[in-house]
Number of protein chains: 2
Amino acid sequence: MPASTSAPADPHRHDAKPRRRAGRPAAAVLDQDGITAAALQLIGKSGYEGFTMAALARTLNVAPSALYNHVSSKRDVLVLVQDHLTSFVDVTAFDAEPWDRAVRSWAWSYRDVFSKHTPLIPVIAVLPVTDAPKTLAMYEAVSAGFRRAGFPQERIISAIVALESFIFGSAYDVTAPADIFDSGSMAESTPNFTAAVASLAGQGHENQADVAFELGLEALVSGFGALRG
Amino acid sequence: MPASTSAPADPHRHDAKPRRRAGRPAAAVLDQDGITAAALQLIGKSGYEGFTMAALARTLNVAPSALYNHVSSKRDVLVLVQDHLTSFVDVTAFDAEPWDRAVRSWAWSYRDVFSKHTPLIPVIAVLPVTDAPKTLAMYEAVSAGFRRAGFPQERIISAIVALESFIFGSAYDVTAPADIFDSGSMAESTPNFTAAVASLAGQGHENQADVAFELGLEALVSGFGALRG
DNA sequence: ACCACTAAATGAATGCCGTTCATTTAGAAT
DNA sequence: ATTCTAAATGAACGGCATTCATTTAGTGGT
């Protein structure tokens, strides 16, 4: 059976390294952690266009088919990368700061991590948490922060999902070209839009995506803050 | 030169059909509108996995290479489909209802259209409006609605972008499996998250994605409503 | 020391994909 | 009739993820 993405089922294990089973050869060149690290490095160097199973195998000095002893598909590799990246999302503020500041800190950090990895968003958005333990750990930290802030239990998940949706959508914005709203030759037929774009540009903000993110985030924080008991 | 996605540059043209130029044969089997319609139908029948240039050509009784006389890439076809779909987004409420109701109506409609077409989201999110005239028309209608509602010019685009980001992210949620938050064997180590999930499930809502969307949308509407002068 | 077992690596092959290109076809203009 | 040209063809290309029969090399049992 090929390796699966999900974490080991046994929750009582204490070792970081899995205990060697009988009959198992020791000199494995490859494992999921190594594949994940190599994949992340390759993506950093070549982007997602250059990220192929063949290229990944090459960086590991291995035949492409060898990867399939540890991973069941390319999508599986993306899941591993996604989960690893999620551990870079900063949730520490939920232990140290008031709820609204913690949410802001978490949301900015979350958006910044995945704005460099937007091809993963379609993967994350529909991925069962069981397949991504570090992602699950993030949810736990955030849920705990919401509960301590006095949120009603039944609203916590919905609020997190709504924030996450906003974060994912905003991650795409970061990658959009600066002139995405230039209406060009059609400006005459879209006076309201064109004027609004010009007016925003006149403000001279470096990063329009950041302005929109801040605006939306403040609305969500203040709207959700009112739910606390 | 292959056909480009952008609309004809001449703004003085009045005919719907382009005027026939000298030396141009008349019996074209294919054009961008026909390709768009066939693509939409094929996607509806086979999904985005089954949507290939070869399959598209087959439904049009044409060789795959013939498509490239009218379209420069598969991505180009996706752009045409995206723009066509955007004309199904309902913006009429901006002419008939108060701002907050209009935003709700537009946002739900926008999310519903693209929740069935999430593979287009990465395309839309970074697409210059010049390449998508119907999308530009939507922005014009929405911008006009915001202006009439008393929004300060410099905030209109940022507010729309924030709403759109939330809408795109939420479109993914609709497609997520129902048990995406089932923590399974890891429930013990994530008590806060697991309790929150159970509490939401206990509410017995049919569609968790709708609940989260409603919650986030209300927060954005009330947050942005406060900006009006 | 030998054997039996097995996880892991190999390399060739498969099928699908988007795209290119030289060539052909058939209306339109002169 | 001749010329021009957009559009269609069909064969090809390179790249891709993935499969599979086979080989390799540690390990535990005897």
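So that the names make sense, note that chain A is the first sequence line, chain B the second, and so on, each numbered from 1.
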Could you state the [atom1]-[atom2] distance from [X] to [N], rounded to the nearest angstrom?
{"X": "L67(A)", "N": "dT19(D)", "atom1": "CG", "atom2": "P", "answer": "13 Å"}
{"X": "Y68(A)", "N": "dA12(C)", "atom1": "OH", "atom2": "C1'", "answer": "15 Å"}
{"X": "D31(B)", "N": "dA6(D)", "atom1": "CG", "atom2": "C1'", "answer": "13 Å"}
{"X": "K74(B)", "N": "dT20(C)", "atom1": "NZ", "atom2": "P", "answer": "15 Å"}
{"X": "Q32(A)", "N": "dA8(C)", "atom1": "CD", "atom2": "P", "answer": "11 Å"}

Evaluate I121(B) against T118(B) for side chain to side chain contact (heavy atoms under 4.5 Å, CB included), listing each step before the verdict. CA-CA 5 Å; I121(B) 292 178; T118(B) 54; 4.1 Å; yes
Phosphate contact (dA8(D) OP1 or OP2) by H70(B) side-chain N/O below 4.0 Å: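 For H70(B), the contact criterion (side-chain N or O under 4.0 Å from OP1 or OP2 of dA8(D)) is met.
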Taking the side chain as every heavy atom from C-beta outward, state whether L67(A) and L56(A) have any pair of such atoms under 4.5 Å apart.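 Yes. Closest side-chain heavy atoms under 4.5 Å.
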Anything under 30° is parallel, anything over 60° is perpendicular, the rest tilted; go ahead and classify F213(A) against F166(A).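 It falls in the parallel class, under 30°.
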Can D210(A) and R111(A) be counted as an ion pair, charged N to O under 4.0 angstrom?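 Looking at D210(A) and R111(A), the cut-off is met.
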For F168(A), what residues pass the ring pair (Phe, Tyr, Trp, His ring centres under 6.0 Å) criterion, not counting sequence neighbours?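 Here the qualifying residues are Y110(A).
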Minimum-distance nucleotide to P64(B) side chain [options: dT19(C), dT19(D), dT9(D)]: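 Selected nucleotide: dT19(C).
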Within residues 31-55 of chain A or reaching into it, pairs that qualify as ring pair (Phe, Tyr, Trp, His ring centres under 6.0 Å) - sequence neighbours excluded: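 Pairs touching residues 31-55 of chain A that pass the test: Y48(A)-H117(A).
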Base of dA9(C), side chain of N69(A) - is there a donor-acceptor contact under 3.5 Å?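 Under the 3.5 Å cut-off, the side chain and the base do form a donor-acceptor pair.
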Residues within residues 37-63 of chain A bordering DNA chain C, heavy-atom distance below 4.0 Å: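 Correct list: V62(A), A63(A).
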